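This chain uses plain numbering: 1 for the first residue, then up along the sequence. Since the model is a prediction, treat every value here as computed from it, not as a measurement.
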Amino acid sequence: MKTAIFVSGSGTNCENLIRHFQGSDVVEVVLVLSNRGDAGALARAERLGVPTEVVNKSRFNDPEVLLPLLKQYGVEFIVLAGFLLMVPPFLLQAFPRGIINLHPALLPRHGGKGMWGMHVHRAVKAAGDTESGMTVHWVSEVCDGGEIIAQFRCPVYPTDTPEDISAREHVLEMEHFPDVVEQVITLRIKG
């Protein structure tokens, strides 16, 4: 299935996904799209031979720009991997049950507007949580509110800093995110 990865940041998950699916019969990463021209994910994708596009926020929210661009690449499925813009309703309608997101906490805790990256891990620490982890979920019109597909947990120790929590959670992302994406797309193909 022709898949686009939407990114805003450095792109460790993006690179991990691209490498995981190289030579796959199930998933072909055909595009990496970012809302930021300086996103490190773009350079990672280019090094691995995947086409990239930069679409700023106003163009991203314009169906006359975004939908033809995705059609140009034959995109059938979208994976958000550190993408910080809300997905507009027209994109959800164009890709029903076709957009998933990775969130660096155990939703529904520590989700919603402003909850990304280290903001999430600081919130986990401040709440005194004894565990954290990652969540893969369907994207909906509610920020971090879509149906949960999979969660993986890691402990949070009293002496942990937000950086410690982040590092432990990131290991889960590297280990599990590509497999979850593959499982979701495989089930979609099977109908």
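If you take CD on Glu64 and CZ on Arg59, they are separated by 13.0 Å, rounding to the nearest 0.5 Å. In this structure, Lys125 NZ and His110 NE2 are separated by 12.5 Å, a value rounded to the nearest 0.5 Å. A distance of 7.0 Å separates CD1 of Ile165 from OG1 of Thr161, quoted to the nearest 0.5 Å. Going from atom NE2 of His170 over to atom CG of Asn13 covers 5.5 Å, rounded to the nearest 0.5 Å. Glu182 contributes atom CD, which lies 5.0 Å from atom CZ of Phe21 (distance to the nearest 0.5 angstrom). Note that CG of Leu85 and CG of Leu80 are 10.0 Å apart. Values are rounded to the nearest 0.5 Å.
Between Val79 and Thr3, the shortest heavy-atom distance links the atoms CG2-CG2, 3.8 Å. Shortest non-hydrogen contact noted between Ala39 and Ser8 is CB-O, 3.6 Å. Nearest heavy atoms, Lys2 versus Tyr73: CD-O, 4.0 Å. The two residues Gln22 and Leu48 make their nearest non-hydrogen contact at NE2-CD2, 3.8 Å. Nearest heavy atoms, Ser166 versus His121: CB-CD2, 3.4 Å. The heavy-atom pair separating Asn56 from Ser58 by the smallest distance is OD1-OG, 3.1 Å.
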message = Pair Asn35, Lys57 - check side chain to side chain contact (heavy atoms under 4.5 Å, CB included), show working.
response = CA-CA 6 Å; Asn35 61 308; Lys57 186 175 182 177; 5.8 Å; no
request  = May I have the step-by-step check of side chain to side chain contact (heavy atoms under 4.5 Å, CB included) for Val171 and Met174, ending in yes or no?
outcome  = CA-CA 5 Å; Val171 168; Met174 293 294 103; 5.9 Å; no
message = Go through it in stages, so that I can follow the logic: the residues are Thr130 and Val156, the test is side chain to side chain contact (heavy atoms under 4.5 Å, CB included), and I'd like the CA-CA distance, side-chain angles, deciding distance and then a yes or no.
response = CA-CA 5 Å; Thr130 58; Val156 175; 5.6 Å; no
request  = Check step by step if salt bridge (Lys or Arg N to Asp or Glu O under 4.0 Å) holds for Arg168 and Asp160.
outcome  = CA-CA 10 Å; Arg168 202 172 295 120; Asp160 279 347; 2.6 Å; yes
Test side chain to side chain contact (heavy atoms under 4.5 Å, CB included) applied to His103 and Val120, step by step = CA-CA 9 Å; His103 185 76; Val120 173; 4.0 Å; yes
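Considering Ile18, Leu31, Val50, Val30 in turn, Ile18 is the only one that fulfils the side-chain contact (heavy atoms from CB on, under 4.5 Å) rule with Ile5.
Looking at Pro88 and Phe60, their side chains come closer than 4.5 Å, going by heavy atoms from C-beta outward. Under the 4.5 Å side-chain criterion, counting only non-hydrogen atoms from C-beta, Arg44 is not in contact with Cys14. Under the 4.5 Å side-chain criterion, counting only non-hydrogen atoms from C-beta, Arg109 is not in contact with Val124. Side chains of Met134 and Gln151 form no contact here, defined as non-hydrogen atoms less than 4.5 Å apart. A heavy-atom distance below 4.5 Å is not found between the side chains of Leu33 and Val7.
Looking at residues two or more places apart in sequence or on another chain, you find a ring-ring contact (aromatic ring centres under 6.0 Å, His included) between Trp116 and His119. By the ring-ring contact (aromatic ring centres under 6.0 Å, His included) test, Phe177 pairs with no residue at all, sequence neighbours left out.
One hydrophobic cluster, built from ILVMFWY side chains closer than 4.5 Å, cannot hold both Val184 and Ile148; they sit in different ones. Under the 4.5 Å side-chain heavy-atom criterion for ILVMFWY residues, no single connected hydrophobic cluster contains both Val180 and Ile78. In the hydrophobic clustering of ILVMFWY residues, with side-chain heavy atoms under 4.5 Å counting as a link, Leu106 and Phe152 come out apart. A single hydrophobic cluster is seen to contain both Ile185 and Ile149, as judged by linkage of ILVMFWY side chains at heavy-atom distances under 4.5 Å, directly or through other members. When the side chains of ILVMFWY residues are joined at heavy-atom separations under 4.5 Å, either directly or via intervening members, Phe6 and Val55 end up in a single hydrophobic cluster.
Counting only N and O atoms by type, the side chains of Glu46 and Thr52 include a donor and acceptor under 3.5 Å apart. Judged by distance alone, the side chains of Asp129 and Ser132 never bring a donor and an acceptor atom under 3.5 Å apart.
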Could you tabulate the donor-acceptor pairs under 3.5 Å formed by side-chain atoms of residues 89-102, not counting sequence neighbours?
residue : atom : partner : partner atom : Å
Arg97   : NH1  : Glu147  : OE1          : 2.8
Asn101  : ND2  : His137  : NE2          : 3.1

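The aromatic rings of Trp138 and Phe77 sit perpendicular, their planes meeting at an angle over 60°, well past the 30° parallel limit.
At least one donor-acceptor pair under 3.5 Å links the side chain of Asp144 to the backbone N or O of Gly112.
Taking the charged nitrogens against the carboxylate oxygens, Glu131 and Arg153 do have a contact shorter than 4.0 Å, which makes a salt bridge.
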